[in-house]
Amino acid sequence: MKALHKLTLLLLFTTGLFSCNGYLEKTPRASLTPDKVLNDSAGIQSVLASAYRRMHQFEYYGRDMMLLGDVLADNARIAVNTGRYVTHINNQIFSHFNLWSNAPYAAINDANFVLEGASDPKVIMSDNLRKRLRAEALFLRALCHHDLLRVYSYEPANAGNFNLGVVIRNKPTRGASDAEGAVRATVAECYDFVIADLQEAISLFSSIPNVGFPIRANLGAAQALLARVYLYKGDFARAADLADEALNTVDNQPSPKPSLTTPTNHRNAFATTNHPESIFELDIAAADWSTVDGLNNSLASWTRNPNNTYGGPSVAGAFYAIAASNSLDAAFPTGDIRRSGSQSVWTLADGLIECGKWRGEKGSFLENVPVIRYSEMILIQAEGRARSGNEPAALAALNRLRNARGLSNVTLTGAALIDEIMLQRRLELAFEGHRFFDLKRLGLPIAKDPAQGPALSPSDPRVLSFIPATEITLNPKLVQNPGY
Amino acid sequence: MRKNLLLGLVLMLLIAFQALAQTDVTISGRLVDKDGQPIPGANVYVKGTKIGTVTDADGNYTITVPQGAVLTFAAAGYDERSVKIANQTVINLTMEEEQIEAITVTSYGQVIDKTTTTGAISAVSGKDFENLPMQSFDRAMQGRLAGVAVNAASGAPGGGLTVRIRGTGSVLASNAPLYIVDGVQVNPGGISGQGSSNALGSINPNDIETIEVLKDPASAAIYGAQSANGVVIITTKRGKKNTEQFNITMQEGFVEPIRLYNVLGAREYALLKQEAAVNDLYGPTLPTPTPAQIDAAIANARARFGSPDTTVNFDWKKAVFRVARIRMYDISYSSGTDKTRFYVSAAYQKQEGTVIKNFWERANVRFNIDHRPNRRFSLQTSNNVSTQNLFGTIAGGEGNFVNSPFMTAFTSAPTYSAYLPDGRFAEYTNGVLPLNYNILQGLEYETRKGNGVQVVSSLRATYNFLPELSATGFVGVDWLNNRDENIRPAYISVFRGNPSMFNRYDRDFAINTNYTLNYSKKFADKHSLSALLGYEYRYRNFMFTTALGRGFNPNISVLNGVANGTTPTTVSNVSGNVFENDRAGIFTQIRYGFKDKYLIDITGRRDGSSKFGAKSKYGNFYAVSGAWRISQEGFMEAIADQLSELKLKASYGIVGNSEIADYQNVTTFSGGVQYAGQGGLRPTVLGNDLLTWETSAQTNIGLDFGLLRSSRISGSIDFWRRDTQDALFSVSIPADAGQRPSSVIRNVGKIRNQGVDFEIRANILTNPESLQWISSFNITYQQNKVLELPENNNVMIVNGIEVFKGYPLNTYALPAYAGVNPATGQPMYYDANNNIVYQPLPYQINADKSIDFRDIRLFGSTIPKFFGGWNNQFAFKGITLDFLWQYQYGNVAYNSDWRFNLMTGMTSGNNNVTAILDRWQKPGDITNVPRLSISGNYNGVGLPGTSNRFLEDASYLRLKTLTLGYNVPSEKLKGLKSARVFVQAVNLLTFTKTNLIDPEVVSTTANPTSLAGGINQYPQGRQFSVGASLGF
């Protein structure tokens, strides 16, 4: 009978030891429920951090948003064939941006959680913080929606035959039922939504002390983005006005404040964390990347010659997928400091014109990504003014940029003025993802380097990206873009 | 208490009266075993009384019993005997050993006699795979058991295996069976991230007595929510009473790579690159090239890829692969008395891989002890402590492709040497070697270590209240610690800018405990009844910590550990997590047999699990089954010599599968991200509070038979069906909802597996003086079909794999390749009407959810139509020859290696497999290998996409093992009980149509677009070994 007692003891001991605590109820130790996250100002700020983090995924501003706009148009060529971008350079069908199932909608969802949390009066935080969080979330939500519009829809001026915009998401997804059955709004509705978000962000930023902090959105960033959105909308006068406001804001914001680079610091500026021209920049830290991300996925690896023409941290092993196309190289006028001299960011090495903008200055291919630069605002001033009939002021802005790039003043009017502004846009913003979208928004053919095939006519279906087929399967209400 | 005393008094009085009423007789005698050896410690008693004694050391006993009583003789390890006392005074008995082969002891302590079970159970004895150089016991099931498909998931030493019992029933939950080692539920799967590994490798196969596979609900339903994929029960060796066995086995051998791809030599390589460079000058938008342009292109190709006349012809394959050493040392000792028996063993095994630097080793110690202080109480403990160390290599789509030797050994340019003239590694920067990676430099300097320590330990206590009623308590632990280390030093040129060191520490702890009451009794010699009631609880806790250091001073070339005087400039990605789950169940089983002829079993179990939603936490599982032993019927007696055993059996049951990730039932936010120093939180799981078990309705109808006397030919045929209902699917939700991953797990969908298992075993030649031959053959025919998908879909993408309603899981949907246009060298495809197209269109989903396949066709599945094995054992005067053939038929596999090698890989500086020599060269060439190109621009349409060009029939027949042995005759042995020498070969012959490097190591998921899994597979080698086994 003694043994039986021992057995009984053993029995009680083992069941008691492991089953008293949370019997058949286990909650994750490394994650939180939404109620816990959104009832606390630290939690809400963490969700906002997640939204920022998503902005620099490699399919978004971490790489593709910075390069595909050049690859799909005429600014780039394949340098070393590693399979990367080789179908994009030929504009092969289904080789396009894929934002739909990547970062932007995820960042929008995070932003919507932030907006919901920061709007809840039960959450204790200062009024200024509440406004700042809301404003930053609105800024990110607008930027993502606008980028989706740039990729998947025609701009209002060209949307005559196909006027669908993207799905507007303004509520967080808390359960599966929130996810289903969304439809694409029209382009006009989408632009109204994006503009309203930015106007609200500007109003909120204006009501709190401004900060000079280019890696978080601030008043200048919101104004600059609104200038860009008006430019795409074709509202050129407003675009120029907002660019004026943005430059006025940043010129007067607390340090650090951005300024135009000069013939003595243009190249170095790109090797500076917090680019001196950054109105809005995304911060990337070593912790954000796996050990192989730098080599496999980074801007520097995909654009740099592994022999490290420009010096600085090693780019050994860089893929060097793309370099400047012949037509981009040919477009630089003599004396342009971007192409020649000690501050050039386009340099001949090993038979190719290598881009010197992505320097991996933080080491191991790591660097921040400038999303909106000072010179883009000057170019919007010039283009907005020129297209809304204010040519002298346009010329002033144009020459301000030309001088900063070692070029003398020009005196141009009419189409010649517009052409020179667009040329400067191409040269200044090359390998920052603008070229394709500039041609597209103006309804122009997507130019190609002759070696890569003929230009795409504005009606070519490949001007728009495609919504992934699985998304159409999941949601039959979603309309695919024409031609896919 | 007083009542009990009173009752006891009355009973004693009754016995006393009986004793007075009857005449006592004194009986004496001796118990011996079949060899005439005495059996000490046996119980000699009259059932239901206190009259009893125990035999002495010589097996003798003396007892006084009432006349007419029935005397029972019982000794552990022997069949119980009963003798009615008439006039005898001496009873000498030869006790028969228990037939342990015929019974299965489940982890809940029931004893199932194979002749009276109603279930479908297949078994393999440890003797059948003893001393085979395999690293884990799951490999021992390969080809030997009907209904059990086993394939190597990697040919790496110590690598993982895929085991499927009766098909593939789940898309999202695990398809691995439940493994129970001496009652302990052990977790299968990898243990290291640095190479393919297998937690089941911690058990030394030579310690195994039997492996039994419970395939149908009658046998498996007692395991409830975990049994849908079948149950594998491992019983390790235990000491036997009055025997002493001391064994030493040593084995040495080598493994050589087989079926490596043939690649081009330097001259062919350089010539083909020239041809490709010239081809690129032609295109629809390009002007016809001038001779000068052609000369320039050739000069350029020579400068880049090497001249056809180069003296460098570096054989990367030869440098990367090797003939490697394998060795095994095994020692075991077992002994026992009537009270205590034990088995102890220690073993060491080291297998080098066929890739340089790669190895796996295991050392383990086992001790199994049985103690039975008295007739009522017994204790059993089983313990295994082992360590598995590996130095891994990148294979099977892990990581970056170029640092896998299984890609880069075949793609590195033969015109480029891995070494400088002075013997140092050459480093290149012009991109001709894939990503400038010198694979030999990488293999030499990159550290990929895994070091696991695992304990599988259990204790079982049984108390017999009555001979027919017992209680059992059981506790088992599976505890695994593993430490991984990956160092990428600046010695490797591509990591020079970013040397790194990664450490990961894992701890996986699981405890399972159960308590059962067993009742078993035979009434009136006709009715046998047994019943079981039990409770079980299991808790698992898995945690890991990782740390990654980067930005080490590049001047410090080799990093050996964290504290070696070098500090990373960034310590990043320090992370960890804890996962917990628990499960509890109560269960019962009632078995009734009439004259061992008509048998009925009923099993029921209720389980609860922390993994499931609050509203559906508990599930009920059951099985009913019956059997009719036709051979026991009177009318069969006439043909008993021809048909010695015939049993018809049927079972039906509902069982479950709960092996999904933890915490899928609640919406949660997780961290692990940051922005500018602010920690981030984001929604990672969209919860489903209705999440519950996958249930599987299973049916088995079978016939067990034995032909000729004493079942010289025996076998079984089973017809089975498994219908997975409430199949768990990760149901995608629209990406624009922003949830990442954009899916939620729901119980939707139905999947059917059905088939026939057939096993036959024949003692063809039985003369012990001459040739003996035992042959066993098995075949499994199976079908798999998706019956229903969520929301009436006809196709869904689950974890990146397309699932089509009405078709088997893992069916390939691809454009049909039509070869190469003889005029242009451009690849062509067929549309639905067999017209040629150049850009095949993907399928579309119509508004009514039907599929418009457009240019896509369905091309078969990775699930074989049938598979099995044929095992033969010959013996002739001490010489033995055993061999096992193993086969599978009717499955396809996508040759991702060739797809890469001949398509994307063709366009760079990569070397190619020799199949590229069939390329299109000039108008009029009929071939299916397109025109060469470096730019990848085929007349402006870019590289060809995925098609069935590389989808191959992966059926195979393989001579898996062959062992030739010699048992030294006992009269020649001095001081030895036994001695055996043997030579053996593994994977000696393979017959297959596929070009794949190993038809066994293929991706079992149909996912051609993501190359992971099917590419860079580590093939199995051919092993030869010699060994000797000595018994003392």
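Below, chains carry the letters A, B, ... as their sequence lines are ordered, and counting in each starts from 1.
Looking at A:A42, the atoms closer than 4.5 Å to chain B (heavy atoms on both sides) all sit in the backbone: N, CA, C or O. Residue B:Y618 touches chain A through its side chain alone, counting heavy-atom pairs closer than 4.5 Å. Interface remark: B:S493 contributes backbone atoms only to the contact with chain A (heavy atom separation under 4.5 Å). When heavy atoms are compared at a cutoff of 4.5 Å, B:R740 approaches chain A solely by way of its side chain, counted from C-beta outward. Looking at B:N581, the atoms closer than 4.5 Å to chain A (heavy atoms on both sides) all sit in the backbone: N, CA, C or O. Proximity to chain B involves both the backbone and the side chain of A:A316, based on heavy atoms less than 4.5 angstrom apart. Heavy-atom distances place both the backbone and the side chain of A:L32 under 4.5 Å from chain B. Residue B:I845 touches chain A through its side chain alone, counting heavy-atom pairs closer than 4.5 Å. Both the backbone and the side chain of A:Q45 come within contact range of chain B, with heavy atoms under 4.5 Å apart. Residue B:R376: no heavy atom, backbone or side chain, is found under 4.5 Å from chain A. With a threshold of 4.5 angstrom between heavy atoms, B:L686 approaches chain A through side-chain atoms but not through N, CA, C or O. Proximity to chain B is limited to the backbone of A:R174, based on heavy atoms less than 4.5 angstrom apart. Contacts between B:S609 and chain A at a heavy-atom distance below 4.5 Å involve the backbone alone (N, CA, C, O).
The choice from B:G672, B:G680, B:P842, B:A735 that makes the most heavy-atom pairs within less than 4.5 Å of chain A is B:A735. Annotation: maximal heavy-atom pairing with chain A below 4.5 Å, among B:K617, B:R583, B:K849, occurs at B:K617. Ranking A:S50, A:G317, A:G43 against chain B, the residue ahead of the rest is A:S50, based on heavy-atom pairs under 4.5 Å.
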*CA sep, side-chain torsions, deciding dist, call: B:Y539, B:Y537, ring-ring contact (aromatic ring centres under 6.0 Å, His included)*: CA-CA 7 Å; B:Y539 168 84; B:Y537 179 77; 7.1 Å; no

*Apply the test salt bridge (Lys or Arg N to Asp or Glu O under 4.0 Å) to residues B:E580 and B:R540: give CA-CA distance (whole Å), side-chain angles for both, the deciding distance (0.1 Å), then the verdict.*
CA-CA 6 Å; B:E580 281 181 295; B:R540 183 177 180 188; over 6 Å; no

*Apply ring-ring contact (aromatic ring centres under 6.0 Å, His included) to the pair A:F466 and A:F94, showing each step before the final yes or no.*
CA-CA 7 Å; A:F466 61 99; A:F94 297 114; 5.0 Å; yes

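Remark: B:R682 is not positioned above the aromatic ring of B:F669, lacking an NZ or CZ atom under 6.0 angstrom from the ring centre and at most 45 degrees off the axis.
Partners of A:K362 by side-chain hydrogen bond (donor to acceptor under 3.5 Å, both in side chains), not counting sequence neighbours, listed by chain and number: A:D283, A:N368.
A side chain to side chain contact (heavy atoms under 4.5 Å, CB included) with A:P104 holds for exactly one of A:L140, A:N109, A:L99, A:V166; it is A:L99.
Using the six-membered ring where Trp is involved, B:Y663 and B:F579 have ring planes that are parallel, under 30° apart on the 30 and 60° scheme.
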